[in-house]
Structures are given as structure tokens and as C-alpha cells.
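Just below is one structure, and these are the notes that go with it.
Per chain, numbering begins at 1; letters A, B, ... match sequence-line order.
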Amino acid sequence: MLERSVLPEDMDVSRVLPRSAFDRDPTTVARELLGALLCRRLPDGTLLVGRITETEAYLANGDTANHAHRGQTRRNRSMFGPPGHAYVYAIHACHCLNVVTEPPGVASAVLIRSIEPISGLETMRRLRRTHNLKVLTTGPGRLCMALAIDRMLDGEDMTRAARLWLAAGTPVPDRHVACTPRIGVSSAQDLLLRFVDRTTPYVSRRPPAH
DNA sequence: CGTAAGATTCACT
DNA sequence: GTGAATCTTACGA
């Protein structure tokens, strides 16, 4: 299959999201990140791009699923820093990527759970050791493996567009967005803090048809 | 220092 | 759907 070498007009990875985009409550940021572009520059110059299709918000207050709900530790330190930085942690044998939200001292974040692969697919396939598009980047651990994201990128300032950043994409209209409970967390199942683009197959779990 | 618990994934039934 | 793999972190002794 041919590598897509030129991105579509509305997928300009230089439209970097500014810090103000993340200095807001995580629920709003999670919703608005749907459709944005997750961009990764590898040490050899390879550019990997995916369109965000699934996110989750983790709240600073009253959210026992938030790693920071019992205070700062070595692992979650990044979440207490400025908005727009990455919080990357390891779980089981995988890594998960979050973007820190709200001002320093307010420990909230948005977990990026799935992307639709846009550019750099051959490299992603090699990193993931699969040719199956359906599972290439659908799931927080899978997308981190596909984009070579690990704890080295914890704390990275994503507004500087160096190794890892977010760029504006095509906004996803409300009628295409489903809100569901978060995946893999036992607490707070009553909160609808997961946001999914219902029109794409590139998500970890499809929400109910209606 | 030992142990338990995951914001997961994969192979299987 | 179910269960096992896998491994880092956190926390208490």
C-alpha cells in the first residue's frame, strides 16, 4: 500500500494548538480534541500523524479514578505542572498518553484513547508489528506503541511542536459525538467523561448504535 | 523490601 | 466473553 505523502488541506500539522487550548476544564478539552491531529516527530525525522477519535477526561476534584486524587507522586508529577504538557505513564506492559489541562497545581488531564492513522502508516505498522488497521492505533496502549511514545516523553511541552504536539483539525459536530462512561475504571461509572466520534471505526469500543 | 493493584492487550473459547 | 501476561508504581512493614 502506498504511503500518503501529502496531507489533505485541512490537515496542516503546523496549526499547533496553543497553551490556552488546554487551560480549561478537562471535560471541555476532551470534547474539543475530537478531530484534532496528534503529531509525532521521530528522531530520524519521520512524521507520524493521527486524527483523534476517542478521549477521556480525568477531573481534578472528586474523581477517584484520577491518578492524582491522593496527591502528587513521582509518577503523576506532570499533571501538577502547566497545561499543554504530556503526562505519560505505564500500565501493565503499555503506556498511555494524556494532555495536562487547567493551571499548574490543578491536577487534571485528558487521556487520548484512539486515533485514526493519517500519515506514517508504514512506520506505525512496523512499531506495532501488525498490518491490521483496525487495531493499529485504537486503544491508549496501542497508539502509544504506534507512535513510539513512552515515559521519555512524560512532561514534554506539546505546544512547542518538537517531538510531540497537537494541531487543529476538522471539528467533529455534536451529532457525531457520543458520551459514555470511561473504559477500564470501576469508579464513577455515572460520569459520562468519555467522548467518541461515532462515525469512525477507529475507536477502541463502538458506543451503542443509538 | 514485599505485595497488591491497575486509565491494557492478546489469545482463546 | 473470559482469563492470563506483564511490569511499574505506590504503599505499608
Handout entry: Covered region of DNA chain B, 5' end to 3' end, by chain A [heavy atoms, under 4.0 Å]
Key =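 In short, chain A contacts DNA chain B from B:dG6 to B:dC10.
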Problem - Residue pairs, two or more places apart or on separate chains, that pass ring pair (Phe, Tyr, Trp, His ring centres under 6.0 Å) and touch residues 165-209 of chain A - result: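 Residue pairs with at least one partner in residues 165-209 of chain A: there are none.
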Counterpart residues, side chain to side chain donor-acceptor pair (under 3.5 Å), relative to [X] (two or more places apart):
X: A:Asn132; answer: none
X: A:Ser14; answer: A:Asp12
X: A:Arg51; answer: A:Glu116, A:Asp197
X: A:Asp157; answer: A:Arg19, A:Thr159

Fill in the blank from the handout: Pairs under 3.5 Å (Watson-Crick or G-U), crossing ones as [ ], inter-strand ones as |: DNA chain B comes out as ||||||.|||||.
Practice task
Mind checking salt bridge (Lys or Arg N to Asp or Glu O under 4.0 Å) for A:Glu156 and listing every partner two or more places apart, or none if nothing turns up?
Solution key: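 Once residues adjacent in sequence are excluded, the partners of A:Glu156 under the salt bridge (Lys or Arg N to Asp or Glu O under 4.0 Å) criterion are A:Arg163.
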Practice task
Kindly state each residue pair satisfying salt bridge (charged side-chain N to carboxylate O under 4.0 Å, His left out) with at least one member in residues 27-50 of chain A, sequence neighbours excluded.
Solution key: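 Qualifying pairs, neighbours excluded: A:Arg24-A:Glu32, A:Arg31-A:Asp174.
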Practice task
Among residues two or more places apart or on two chains, list those pairs meeting salt bridge (charged side-chain N to carboxylate O under 4.0 Å, His left out) that have a residue in residues 180-192 of chain A.
Solution key: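 Salt bridge (charged side-chain N to carboxylate O under 4.0 Å, His left out) check on residues 180-192 of chain A returns A:Asp63-A:Arg182.
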Problem - Contact letters for nucleotides 8-13 of chain C, in which S counts primed atoms plus P, OP1 and OP2 and B counts the base, heavy atoms under 4.0 Å - result: -SS---
Handout entry: side chain to side chain donor-acceptor pair (under 3.5 Å): pairs with one or both residues in residues 79-90 of chain A, sequence neighbours excluded
Key =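 Output for this query lists A:His67-A:Tyr87.
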